[in-house]
There are 2 protein chains.
Amino acid sequence: MSDHATTTPRRAATRARLLAAAKDVIADRGAGGATVEGIAERAGFTRGAFYSNYASLDELIVDVIREVVETRLAQVRVAATQFAQHREADGLTIHAALEGGVRDFVHLLQPPMQEVLLQSELRLYALRHEGARAGYVAAVRETMTGVYEILETLFASLGVQIRASPEITMDILMGFFDQGSVMSYLELGRVDPDVQVDRLGRLLDVIIDRSPSPG
Amino acid sequence: MSDHATTTPRRAATRARLLAAAKDVIADRGAGGATVEGIAERAGFTRGAFYSNYASLDELIVDVIREVVETRLAQVRVAATQFAQHREADGLTIHAALEGGVRDFVHLLQPPMQEVLLQSELRLYALRHEGARAGYVAAVRETMTGVYEILETLFASLGVQIRASPEITMDILMGFFDQGSVMSYLELGRVDPDVQVDRLGRLLDVIIDRSPSPG
DNA sequence: TGCAGCGGATACACTTCTGTATCGAAACGT
DNA sequence: ACGTTTCGATACAGAAGTGTATCCGCTGCA
């Protein structure tokens with residue numbers, strides 16, 4: 001029963017451990033392969049604890065989705081802030097700033113394999129479960145507009161123009177990122193940051209109008 | 001035992017039915033949720049038939065991957081041929097030809113939800129199973145170069161330039177397609193062809209240098 | 001410090017899936 | 001047409017997961 005009005009600290013801690021365990025289990029066995037037993041066990045509990053906190057597996061997974069998508073937006077914000085400070089401090093040319101920015105973003109945002117698996121699983125889960133769709137879509141859309149705003153500000157400060165609408169731009173970026181990390185892991189078993197920096201740089205040449213580089 | 005040198009017609013038919021059943025089951029329960037029992041049953045067999053044809057579930061799934069990825073390339077080829085004929089017959093302007101081409105491709109290639117689910121599941125399966133990776137990657141790479149060649153020919157015949165390298169272009173396109181179909185199904189529960197035509201048109205404006213339209 | 005009840009463990013009665021071993025019927029060659 | 005092979009069905013033993021009912025120790029509060 002998750003609808004307890006009163007959430008004691010103990011309860012909250014248990015739920016947090018179950019949540020973390022669920023992320024692990026879903027990442028390595030898939031949403032379809034995740035069992036109540038497996039999750040409870042990985043969290044160091046028995047199934048009793050699970051059923052005392054959630055009515056069903058689905059209920060927990062919905063929580064996982066919310067948390068994961070929110071975390072992603074937060075990461076982008078951090079990366080953007082870091083880049084902005086970095087650039088301000090160094091007073092770089094546009095060319096150098098873009099190059100450095102790409103590098104920063106790749107290093108800060110390249111997802112570990114766990115994360116790639118988890119994201120893919122959750123997307124699939126949402127596709128299959130009507131009930132999870134609305135929440136998932138809302139969270140993703142929020143992330144997308146958030147990221148776009150960040151990019152817009154960054155690019156504006158560099159004096160470069162984005163060539164497409166926000167929606168198309170974000171679809172391209174998100175698809176490109178996914179595609180890139182998945183193929184990396186499939187081919188190398190890891191993400192090579194240099195390759196990703198190069199890839200993202202080339203993508204940028206496509207989606208923005210770079211002003212004639214003064215550097 | 002799948003390593004029988006002699007494959008009788010009966011055997012081949014059984015394997016084909018199991019393959020088709022596996023695609024269904026994986027699409028709607030996920031690779032993790034697919035069981036030998038479930039697949040055999042959907043194919044109208046008992047598990048006896050399964051174990052007589054495959055040593056394990058993994059062996060069957062590898063077959064599914066090969067078949068699915070090959071089918072996708074074939075579909076693109078059909079769409080491209082159809083478009084080329086269409087255009088030749090009508091002697092259209094570049095602008096009209098691009099518009100028509102986008103429409104044709106969207107209508108011919110928009111994947112049903114089943115297919116979206118299946119593709120995502122198989123990609124995940126390959127990520128998780130070392131043994132399936134090489135085959136999956138090879139098949140995908142082949143599809144990508146195949147599609148690129150088709151596009152290159154089409155665009156060349158229209159006198160438009162692709163702005164990025166083949167690799168980047170294909171990464172953008174594949175990611176964009178995936179992203180688009182998944183979000184469509186998440187938000188609407190279906191793919192709206194008009195929306196996709198519009199989206200793909202806008203993407204084209206980004207990835208190609210359109211010569212000044214004479215029409 | 002004592003006790004009410006919360007929260008997690010345990011027990012129980014299923015169900016579902018697995019892999020192997022064995023059996024019988026359909027398919028095939030001569 | 002008949003014997004042989006092949007291939008799918010069935011039977012079996014066991015593993016793993018499910019949800020519910022019950023129990024009991026810890027925690028928090030007077």
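For the numbers below, each heavy atom of this structure counts, side chains included, while hydrogens, waters and symmetry mates do not. Within every chain, numbering begins at 1; the chains are lettered A, B, ... in the order of the sequence lines, protein sequences first and strands thereafter.
- Comparing C:dG7, D:dC7, D:dG8 by their nearest atom to the side chain of B:Arg11 picks out D:dC7.
- Between B:Arg199 and B:Asp192, none of the side-chain N atoms (NZ, or NE/NH1/NH2) sits under 4.0 Å from a carboxylate O, so this pair counts as no salt bridge.
- Taking atom CD1 of residue B:Ile39 and atom P of nucleotide C:dG19, one finds them 12 Å apart after rounding to whole Å.
- Judged by distance alone, the side chains of A:Gln196 and A:Ser184 do bring a donor and an acceptor atom under 3.5 Å apart.
- Looking only at distances, a side-chain donor or acceptor of A:Arg128 sits under 3.5 Å from a matching main-chain atom of B:Ala27.
- If you measure from atom OH of A:Tyr54 to atom C1' of C:dG7, you get 15 Å, rounded to the nearest angstrom.
- By the 4.0 Å N-to-carboxylate-O rule, B:Arg202 lies too far from A:Glu167 to be salt-bridged with it.
- Remark: P of C:dG7 and CZ of A:Arg17 are 15 Å apart, rounded to the nearest angstrom.
- A:Asn53 has a side-chain polar atom (N or O) that falls below the 4.0 Å cut-off from OP1 or OP2 of C:dG8.
- Side-chain nitrogen and oxygen atoms of A:Thr8 include at least one within less than 4.0 Å of the OP1 or OP2 phosphate oxygen of C:dG7.
- If B:Ala34 and A:Arg10 are placed on DNA chain C by their nearest nucleotide, the residue sitting closer to the 5' end is A:Arg10.
- Ion pairing of B:Glu187 with A:Arg141 is present here, as a side-chain N (NZ or NE/NH1/NH2) and a carboxylate O approach within less than 4.0 Å.
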I'd like a table of atom pairs between the protein and nucleotides 14-17 of chain D - only N or O on both sides, under 3.5 Å - with the distance next to each one.
none

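- For B:Tyr51 and D:dC12, the OH to P distance is 18 Å, given to the nearest whole Å.
- For D:dA9, one of the phosphate oxygens OP1 or OP2 lies less than 4.0 angstrom from a side-chain nitrogen or oxygen of B:Thr46.
- If you take CG on B:Leu57 and CD1 on B:Ile61, they are separated by 4.0 Å, rounding to the nearest 0.5 Å.
- If you measure from atom CG of A:Leu18 to atom P of C:dA9, you get 10 Å, rounded to the nearest angstrom.
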